[in-house]
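Report on the structure given below.
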Amino acid sequence: MRKLVLSTLFLITIATMIYSCQSSEQLKQDIYYANGRDLYIKHCQNCHGSKGEGLNALAPPLTDTVFLKENKEKIACFIKNGASGPITVNGKKYDGKMPDFATLANIDIAQIVVYITNTYGNKQGMYTPEQIAEDLKNCR
Amino acid sequence: MKFNRSILSAFLFGSVVFLASCQDQKKLPILGPREAATIKNADGSTSVDTVYKTIPAFSFLNQDSVYINNDTFKDKIYIADFFFTSCTTICPTMHRSMKTIFDKYKDNPDVMFLSHTIDFKYDHPSVLKKYAQKLGVDGPKWQFAYGSKDSIYKIAEKDYLVAVIEDSTAKEGYVHQGWLILIDKQKRIRGAYDGTNPEQVAQLTRDIPVLLAEDKK
């Protein structure tokens with residue numbers, strides 16, 4: 001009986017260790033996602049909405065998964081430097097101005113990108129501050 | 001005897017319920033400063049009455065470059081606020097809330113909306129027009145008012161009791177409060193709700209029918 005209990009405990013411990021090893025990447029992404037959500041509520045939600053639905057023709061929604069995928073490396077530029085001029089999202093044309101959030105650090109922007117590209121029907125995984133730094137070099 | 005007592009208590013209980021139901025329906029408060037004034041009655045005697053704060057006569061250009069004034073809102077209740085089109089902080093949230101109410105009362109001619117811009121430098125009527133179109137509310141029901149700095153800032157602070165400031169140290173150049181002000185048909189202030197707070201906006205949504213019912217009597 002004692003052997004059985006001990007071996008069960010041993011197995012559970014091993015399983016937990018393996019599980020936590022596997023999900024450390026996932027854990028990091030979850031942390032980014034949660035922090036990104038807080039930053040989103042603070043900086044983005046008033047225009048883009050609590051469900052990423054946008055605001056009529058004033059602010060585009062964040063639900064266009066294709067747009068987000070194709071323009072992923074531009075998102076950092078949009079956030080850091082602001083954006084203006086016509087863009088087409090969900091087949092609708094938007095011609096407004098987005099303010100810059102120049103004070104946000106790369107890690108903040110990475111967290112926002114992880115949040116918006118993994119919610120509202122998007123599922124694009126992790127994005128790192130290093131990638132943001134790279135993206136910001138190529139801003140037009 | 002015991003039987004009688006229970007009948008009596010049932011009767012008392014019933015009459016209390018009956019009396020309570022006779023009371024006036026819920027009424028919204030009348031906000032703002034007030035003063036007592038002596039008025040002359042028809043028979044020559046005098047009595048004292050309360051004079052409530054009302055929105056004075058105004059005249060602003062709207063999004064169609066047409067002058068609007070008090071008469072535009074005659075016999076209407078309306079919701080007023082102060083904003084500017086390039087504002088990206090509280091204004092989108094305020095107008096998201098207002099638009100929800102706008103959509104709800106789309107077909108009720110008794111309810112109107114009035115947004116004053118405090119950006120007298122940039123928000124000319126043509127800019128307001130574009131903004132209204134983009135918000136999807138362009139029409140006579142929701143008026144966007146443009147006026148001189150003096151006139152808008154004065155009516156904001158003295159009459160609607162909303163603080164608005166031109167502040168060069170603020171990122172967008174202006175600082176203002178996000179109140180949605182509910183005005184009744186007698187031009188009195190009947191409510192002020194923080195347009196960025198969902199609970200207060202819900203309260204406004206509940207208060208509009210109360211105010212509308214009051215005028216029906």
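Just so we're on the same page: letters track the sequence lines, and every chain starts at 1.
- Interatomic distance, A:Gln45 CD to B:Thr93 OG1, rounded to the nearest 0.5 Å: 7.5 Å.
- With salt bridges taken as basic N to acidic carboxylate O contacts below 4.0 Å, one links B:Lys171 and A:Asp100.
- A:Asn56 is listed as a side-chain neighbour of B:Lys99, based on a closest heavy-atom distance under 4.5 Å.
- Using a 4.5 Å cut-off between non-hydrogen atoms, no part of residues 64-75 of chain A approaches chain B.
- A 6.0 Å sphere centred on NZ of B:Lys134 holds more than 12 heavy atoms belonging to other residues, nucleotides or ligands.
- When all heavy atoms of A:Glu53 and B:Arg96 are compared, the closest pair comes out as OE2-NH1, 3.3 Å.
- Residues A:Asn46 and B:Thr88 come closest through the heavy atom pair ND2-O, 2.9 Å.
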